[in-house]
Student: 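Structure provided below as structure tokens; questions to follow.
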Amino acid sequence: MTGRRIAVVSAGLSNPSSTRMLADKLAAATLAELSGRDIEASVDTFELREYAHDVTNNLLTGFAPPALESMINTVVSADALIVVTPIFSTSYSGLFKSFIDVLDPDALTGMPVLIGANAGTARHSLAIDYAIRPLFAYLHAEAVPTGVFAASSDWGARADDVKPLGSRIDRGARELADAIERRPAGAALDPFDPESYLGKGGSFGHLLGGLSGE
């Protein structure tokens, strides 16, 4: 059986970061869930802060530098995607949105996505449903019902006892594993197919004009 590939994109700015910690936990839980179903899977994890300058250059020129291009091809050709962003001003980070902006609008169509977010306070937990989920709905991705939010308190002794972070991670991982299991192997885009980076029906003229549509 063909192994499944999961791309993980973490938009944390610090090193180490709780954003990356949540991303790793979501990935590990998903791999464990798939393993229990006898589905082989691997994970490619990307820290967006390592591509920040390349993302900016892509926005300015319309061309992705080689490292960013390789990373984008890996993400859009995966069988599923896990994304985690810190919450700034009640929404996703600017770096996270800039990365989404350099993707072809059709590149994530039909892709199962598990959304994660973290912030200093639980008051920002609604950002997943009010800011991040609509973004992936616009991209026609298939975000799983459970979004996993972690506040600073979730990592300490005063964590939520009603619905602990671990149980939320496990639920999101099960839903993503369900979506991966339903999706035929190889349904993801071939990274060497021009449609992976041009979009269906796209042309190199689109790239020359910039991905922003200008």
Side-chain angles (χ1 to χ4, degrees), residues 2 4-11 23 26 30 41-46 48 51-52 54-85 91-117 128-145 147 172 175-214:
T2 303
R4 307 301 180 92
R5 290 193 307 104
I6 302 170
V8 180
V9 175
S10 170
L26 290 171
T30 303
S42 60
V43 168
D44 294 299
T45 301
F46 301 100
L48 282 187
Y51 298 87
D54 283 351
V55 168
T56 300
N57 288 335
N58 194 166
L59 288 170
L60 293 174
T61 68
F63 292 93
L68 178 61
E69 182 180 22
S70 176
M71 179 266 223
I72 289 174
N73 287 342
T74 300
V75 169
V76 302
S77 64
D79 293 286
L81 176 62
I82 296 173
V83 295
V84 185
T85 176
S91 188
Y92 37 70
S93 71
L95 176 59
F96 180 79
K97 181 56 164 59
S98 294
F99 171 69
I100 295 298
D101 285 343
V102 303
L103 298 179
D104 184 275
D106 297 322
L108 299 182
T109 298
M111 180 176 291
V113 179
L114 172 56
I115 300 171
I128 287 182
D129 288 327
Y130 284 91
I132 309 172
R133 192 176 297 280
L135 179 61
F136 286 95
Y138 169 77
L139 295 172
H140 303 291
E142 301 291 338
V144 301
E175 292 174 358
L176 186 62
D178 288 341
I180 293 172
E181 190 172 25
R182 290 193 301 267
R183 196 180 196 211
L189 293 174
D190 179 353
F192 299 102
D193 184 343
E195 285 193 358
S196 297
Y197 46 89
L198 295 176
K200 189 173 182 60
S203 68
F204 285 99
H206 170 74
L207 286 181
L208 292 173
L211 295 182
S212 64
E214 296 181 355

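All residue numbers in this chain count up from 1 along the given sequence.
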Student: Would you please test V113 and L108 for side-chain contact (heavy atoms from CB on, under 4.5 Å) and show each step?
Tutor: CA-CA 9 Å; V113 179; L108 299 182; 5.5 Å; no
Student: Can a donor-acceptor pair be found, under 3.5 Å and without considering hydrogens, that links the side chain of R4 to the backbone of I180?
Tutor: yes
Student: Kindly give the heavy-atom pair with the smallest separation between G116 and L26, and that separation in Å.
Tutor: CA-CD1, 4.3 Å
Student: Between V43 and I82, does a side-chain contact (heavy atoms from CB on, under 4.5 Å) hold up when you go through it step by step?
Tutor: CA-CA 10 Å; V43 168; I82 296 173; over 6 Å; no
Student: What distance do I72 atom CD1 and Y51 atom OH have between them, rounded to the nearest 0.5 Å?
Tutor: 10.0 Å
Student: To the nearest 0.5 Å, what is the distance between CD1 on I115 and CZ on R133?
Tutor: 5.0 Å
Student: Apply side-chain contact (heavy atoms from CB on, under 4.5 Å) to M71 and L48, showing your working.
Tutor: CA-CA 10 Å; M71 179 266 223; L48 282 187; 3.5 Å; yes
Student: For S93, does its backbone N or O pair with a side-chain atom of T85 as donor and acceptor, under 3.5 Å?
Tutor: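 It does hold such a pair.
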Student: Quick one: pull up CG in L139 and OG1 in T109 and give me the separation to the nearest 0.5 Å.
Tutor: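 So the gap between those two atoms works out to 7.5 Å.
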Student: What are the two closest heavy atoms between V75 and M111, and how far apart are they?
Tutor: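 Nearest pair, atom of V75 first, then M111: O-CE, 3.5 Å.
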Student: So which atom in A117 and which in I128 form the shortest heavy-atom distance, rounded to 0.1 Å?
Tutor: CB-CG1, 3.8 Å
Student: Of the non-hydrogen atoms in N57 and P65, which two are nearest, and what is the gap between them?
Tutor: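 Taking every non-hydrogen atom into account, CB-CG, 4.4 Å.
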Student: With rounding to the nearest 0.5 angstrom, report the OH to CD1 distance, Y92 to I100.
Tutor: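 With rounding to 0.5 Å, OH (Y92) is 9.0 Å from CD1 (I100).
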Student: Please report the closest heavy-atom contact between D54 and L68, naming both atoms and the distance.
Tutor: O-CD2, 3.6 Å
Student: Kindly compute the distance separating CD (E175) from CG (L114), expressed to the nearest 0.5 Å.
Tutor: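 It is 8.0 Å, given to the nearest 0.5 Å.
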Student: If every non-hydrogen atom of K97 is compared with every non-hydrogen atom of L135, which pair is closest and at what distance?
Tutor: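 Taking every non-hydrogen atom into account, CE-CD1, 4.1 Å.
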Student: Measure from the side-chain N and O atoms of R5 to the backbone N and O of S77, and report whether any donor-acceptor pair falls under 3.5 Å.
Tutor: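 Checked: pair present.
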Student: Quick one: do L95 and F99 satisfy side-chain contact (heavy atoms from CB on, under 4.5 Å)? Show the steps, please.
Tutor: CA-CA 6 Å; L95 176 59; F99 171 69; 5.8 Å; no
